[in-house]
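Read the structure below first, then the notes.
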There are 2 protein chains.
Amino acid sequence: MRARDKTQKSAVREENERAILKAAEEVFAERGFRGATTGVIADRAGIPKANLHYYFPTKEALYRRVVEHIFNVWLDAANTFDESDDPVEALTSYISAKMDISRAHPMGSKVWANEILHKAPVIQDYLETTLRDWTASRAAVIDRWIAEGKIAPVNAQYLLYMIWATTQHYADFNHQVDTLNGGLPLNEAQFEEAKRTVTGIILAGIGAIPPTAVGPDASAQPACADA
Amino acid sequence: MRARDKTQKSAVREENERAILKAAEEVFAERGFRGATTGVIADRAGIPKANLHYYFPTKEALYRRVVEHIFNVWLDAANTFDESDDPVEALTSYISAKMDISRAHPMGSKVWANEILHKAPVIQDYLETTLRDWTASRAAVIDRWIAEGKIAPVNAQYLLYMIWATTQHYADFNHQVDTLNGGLPLNEAQFEEAKRTVTGIILAGIGAIPPTAVGPDASAQPACADA
DNA sequence: GCTCATTTTGACCATTTGGTCAGGTTTTTG
DNA sequence: CAAAAACCTGACCAAATGGTCAAAATGAGC
């Protein structure tokens, strides 16, 4: 090819980068940045190590691309928060989206966790810009719900942390969860129950729904706790 | 010394092992198992690397000791769960203890998180014995509270995960929490509010207390959510 | 089929790192 | 005090690993 549009990637490049990034996400998640070796990543992508370095000059550049991709997936899920202005609907869909990502995309969550654990050497700027802005604006939404009497007064920031921690636990700590489940991954029904439990406790915890009203099939007595 | 009691450690050995283990916990937390080097650990402990290897023959043996120590700290906190048979008291003291550990002992939590993230190569046996037993017995307690009508029916296992995830978040993700707090660690008042928020949402979420009744100073209207 | 950019790869290198070892010093004990 | 045990450490080594490079293969456009 003589003069390709510089923004256009050749098919082979596209395909190789995809394979490398997929392998890299797995290996970085399993072994951390230091524990991951370009040799192993290349093997898993089915190419020689020297070829990997042709596409990604350094291990750090590759890692950066992986983390950026994960951050974008995370941002997509974050948008479900805005699907409704009703706290029950908004939080239900947000929690559901985050739980689904934990199940379908656990490697990404693990890479993120690893990065934060090691003081975010690569993504500190994201934390200070995009994440900080997102968090502040959603905290404002929650504060408005409180002002409108839709939910009980709780600290919005710490509520968000609670949602993040709980949903991501099913990705980051899935090995522990699996072990405590007899060594098997949660099946579909178990995972749905976990999702209902998390959603129910959060929503009841902020007074958006009565306790025990977990899930749409909640027909039990409305149960005001101090009755 | 000719014939020291084999279970008795000399003072110098005691002191050196202590310094090494302290340094090791920090370095393993900051850099993970692979990222940590015996050289850096020795430096931070103030001894030559060869001396470290005199006390701990291999890096893995040292790591194992660190993880065992952390597990014991964790078990101590776990006992606060049994201080009372009242769900509000028991869960309040348990959550409080776990939050305090996250604040005072974050390195340990991070080492644990790292280990689980990497599929627990060293502590799999603990997960399958001590942790599994502890979890099952406390789940039974929670189920009894449900049967006695003290709390709403929730899945005990997933409730426990929620408590672990939320409390440990303040240790494992403290860098993210700090960044979203303007780059500064949570001060005493903020941390206490986080603790109250977590406790309040959990307890209200399972119908043990009414929403908004967060903390002992809750004198606001009792507010039954569905009123 | 010629040209030239792109892609591929085995061989290689410098650095890092876990761990060893021989010989030394200090402490305990009889 | 003498011997034995415990402790200390600089120098060293083999393996692993991130990255380079030169030479070869490939393929698009003329």
Side-chain angles (χ1 to χ4, degrees), chain A residues 1-21 23-28 30-67 111 114 118 121-122, chain B residues 1-21 23-28 30-67 111 114 118 121-122:
Chain A
M1 66 193 68
R2 194 71 61 84
R4 174 184 297 283
D5 177 348
K6 291 242 175 100
T7 66
Q8 178 72 321
K9 288 174 182 172
S10 80
V12 52
R13 182 172 206 104
E14 193 102 27
E15 169 55 26
N16 276 336
E17 286 189 358
R18 229 183 39 75
I20 293 170
L21 286 170
E25 182 173 304
E26 289 174 18
V27 177
F28 282 131
E30 284 170 14
R31 312 166 64 146
F33 179 75
R34 298 289 289 261
T37 70
T38 54
V40 169
I41 295 171
D43 279 354
R44 199 169 305 192
I47 58 171
K49 188 179 71 165
N51 200 9
L52 180 148
H53 279 280
Y54 170 71
Y55 286 106
F56 298 93
T58 68
K59 181 176 161 182
E60 187 174 326
L62 173 56
Y63 181 69
R64 201 173 215 99
R65 281 282 302 275
V66 169
V67 173
V111 174
N114 237 308
H118 299 5
V122 166
Chain B
M1 68 194 62
R2 194 74 60 85
R4 175 185 296 285
D5 177 349
K6 291 240 173 97
T7 66
Q8 178 73 321
K9 287 173 181 173
S10 79
V12 53
R13 181 170 207 106
E14 194 103 29
E15 170 54 26
N16 276 336
E17 287 189 358
R18 230 181 40 74
I20 293 170
L21 287 169
E25 181 173 304
E26 290 174 18
V27 177
F28 282 131
E30 284 170 15
R31 310 166 67 146
F33 179 75
R34 298 291 290 260
T37 69
T38 54
V40 169
I41 295 171
D43 280 354
R44 200 169 307 191
I47 59 171
K49 189 179 69 165
N51 200 10
L52 181 146
H53 281 281
Y54 171 72
Y55 286 105
F56 298 92
T58 67
K59 180 176 162 182
E60 188 174 325
L62 173 57
Y63 181 70
R64 198 174 217 100
R65 282 283 302 274
V66 168
V67 173
V111 173
N114 237 309
H118 299 5
V122 166

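We name chains A, B, ... by the order of the sequence lines, and we start the count at 1 in each one.
With sequence neighbours excluded, the residues that form a side-chain contact (heavy atoms from CB on, under 4.5 Å) with B:T37 are B:V40. A:E17 pairs by the side-chain hydrogen bond (donor to acceptor under 3.5 Å, both in side chains) definition with A:K9, A:R13, not counting sequence neighbours.
In this structure, A:L62 and A:L21 have side chains that are in contact, with non-hydrogen atoms separated by less than 4.5 Å. For the pair A:V111 and A:Y63, the minimum side-chain heavy-atom distance is below 4.5 Å.
The 12-atom threshold is exceeded at CD of B:E15, counting heavy atoms of other residues, nucleotides or ligands nearer than 6.0 Å.
Separating the CD atom of A:E15 from the P atom of D:dT26 is a distance of 19 Å, rounded to the nearest angstrom.
Interface residues of residues 30-38 of chain A facing DNA chain C, ordered by number: A:R34; criterion, heavy-atom separation under 4.0 Å. Taken residue by residue, residues 41-50 of chain A places heavy atoms nearer than 4.0 Å to DNA chain D at A:K49, A:A50. Of the residues in residues 53-63 of chain B, those lying under 4.0 Å from DNA chain C by heavy-atom distance are B:H53, B:T58, B:K59.
Atoms NE2 and CZ, on A:H118 and A:F33 in that order, are 10.5 Å from each other to the nearest 0.5 Å.
Phosphate contact (OP1/OP2 of C:dT6, side-chain N/O of A:R13, threshold under 4.0 Å): absent. Residue A:N51 has no polar side-chain atom (N or O) positioned under 4.0 Å from OP1 or OP2 of C:dG10.
For the pair B:R18 and B:E14, the salt-bridge criterion is not met [side-chain N within less than 4.0 Å of a carboxylate O].
Note on residues 36-46 of chain B: pairs passing salt bridge (Lys or Arg N to Asp or Glu O under 4.0 Å), not counting sequence neighbours, are B:E26-B:R44, B:E30-B:R44.
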